[in-house]
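One structure below.
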Amino acid sequence: MGDSEIKPRALLKRAARLPVWADVTLRLSVAFFLIAFVILIHWLDRAGLKDNYDDHISFLDVVYFTMISVTTTGFGDIAPVSDRSRLIESVLVTPVRVAVIFIFVGTAYSFVIKRTWEKWQMSRIQQRLKGHIVVLGFGTSGSEAVRELVARGTDPSCIVVVDQSEESLAKAEAMGCNVLNADATRDETLKDVHIDRACSAIVSAGRDDTSILIVLTIRHLAPDVPISVVIRAGDNELLARQAGASTVINPVSFAGLLLAGSCSGPHISSYLADLASSSGRVVLIERAVRTEEIGIPLKDIKDGIGVRIYRGGKPYGFFDDESASLRAGDLIVVITQGDGRPPVTMQVD
């Protein structure tokens, strides 16, 4: 993170979201309380009202007049005639009328229009999701991973972030990512983001047990999707691999490797960090062997320095005999320039 980057202010919050039924009940209660208040005012001032039908103002007439006044219907059969009644209509009833309209319109928007719009938007995004990257957990590791992906050329619109923190999702959305506020351990959540059509998944839930459970859920729904997971306890790395993780990253162990490397030479750790970042002068990429490279030695590839081959799931170094001739289906790890990683783009059906 650059020194000039402005960090957002932390917001002091307390979770107090009401259930839907409680929210609707509260809004309607306020609206009916305001209507009852206007009925009371009209009843106390009924002498200032005139009924053009029978010249008698009953309680039912007051209720009727209140409802048509609050809803701005105004048939004119009952009308305020005294100066005080007209002042009450202007000063008290008009603000209540506006408030009641806002309550009903706001409730309709929140629970009907907005939800329908959000469902339509989600369905539209889901239809386009294919070959995307799913990031499950947008804490420190998850957000840094997304920032690095974007820096390496990944289109943010092909990244889907799942988290239960509105603050974290707001940051991800500001970066251009698709976001979903949901529990990543549930099958329904992963189905909503089409995990089976993703090109890879990044899991960083903040807790090893939760991360491993997410890995298990992904592997159950998408047997072939590569999964990278952050594990903080060394004892849990084997469990994460057994759960189906393709790559297990322990930030504590990696930091230890950098520290140990710095003891052997002051520039080793900086070079390793350079390799891991898109902002460095060099970067590591992994790719399949190209057709024109079949049969040539690893050292003769043209786009960088080949350092490792993966053949049949087994790794071979540039010093092994297997590197003397590349084969179809090999995966190779190459050190290339910092801008050598090709961008990831989302496929659209």
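All values below were derived from every heavy atom in this structure, side-chain atoms included, with hydrogens, water molecules and symmetry-related copies excluded.
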Note to self: With clusters defined by side-chain heavy atoms of hydrophobic residues (ILVMFWY) lying less than 4.5 Å apart, directly or transitively, does L238 cluster with I214?
What the structure shows: no

Item checked: Separation of H220 NE2 from L190 CG (nearest 0.5 Å) -> 10.0 Å

Check: Can you check whether I332 reaches E286 side chain to side chain, under 4.5 Å on heavy atoms?
Finding: no

Item checked: Minimum side-chain heavy-atom gap R232-S141 below 4.5 Å -> yes

Checklist line | Criterion salt bridge (charged side-chain N to carboxylate O under 4.0 Å, His left out) on R287 and D303, from CA distance to verdict | finding: CA-CA 11 Å; R287 64 173 178 81; D303 60 343; 2.9 Å; yes

Margin query: Using 0.5 Å steps for rounding, measure from the CG atom of L49 to the CD atom of E89.
Written below: 7.5 Å

Margin query: Side chains of L34 and I103, heavy atoms from C-beta outward: is any pair under 4.5 Å?
Written below: yes

Checklist line | With P95 via side-chain contact (heavy atoms from CB on, under 4.5 Å) - residues at least two apart | finding: none

Notebook entry, point to check: Hey, does D300 have a side-chain heavy atom less than 4.5 Å from the side chain of P297?
Noted result: yes

Margin query: For the CZ atom of F138 and the SG atom of C177, what is their distance to the nearest 0.5 Å?
Written below: 6.0 Å

Next item on the list: Starting from the C-alpha separation in whole Å, work towards a yes-or-no answer on salt bridge (charged side-chain N to carboxylate O under 4.0 Å, His left out) for D330 and R308.
Entry: CA-CA 10 Å; D330 285 350; R308 179 170 287 186; over 6 Å; no

Notebook entry, point to check: Taking the side chain as C-beta and beyond, is there a heavy-atom pair between I231 and N236 under 4.5 Å?
Noted result: yes

Note to self: What I'd like to find out is whether the side chain of K50 reaches to under 4.5 Å of the side chain of I78, using heavy atoms alone.
What the structure shows: no

Next item on the list: Just grab all the ring-ring contact (aromatic ring centres under 6.0 Å, His included) pairs involving residues 30-51, residues at least two apart or on different chains.
Entry: H42-F65, W43-F59

Notebook entry, point to check: Would you say S85's side chain and G48's backbone share a donor-acceptor pair under 3.5 angstrom?
Noted result: yes

Next item on the list: Start with the C-alpha distance between K191 and E188, add both sets of side-chain angles, then the distance that settles salt bridge (charged side-chain N to carboxylate O under 4.0 Å, His left out), and finish with yes or no.
Entry: CA-CA 5 Å; K191 290 177 181 178; E188 293 80 5; over 6 Å; no

Checklist line | Gap between atom OG1 of T247 and atom CZ of R241 - 0.5 Å precision | finding: 8.5 Å

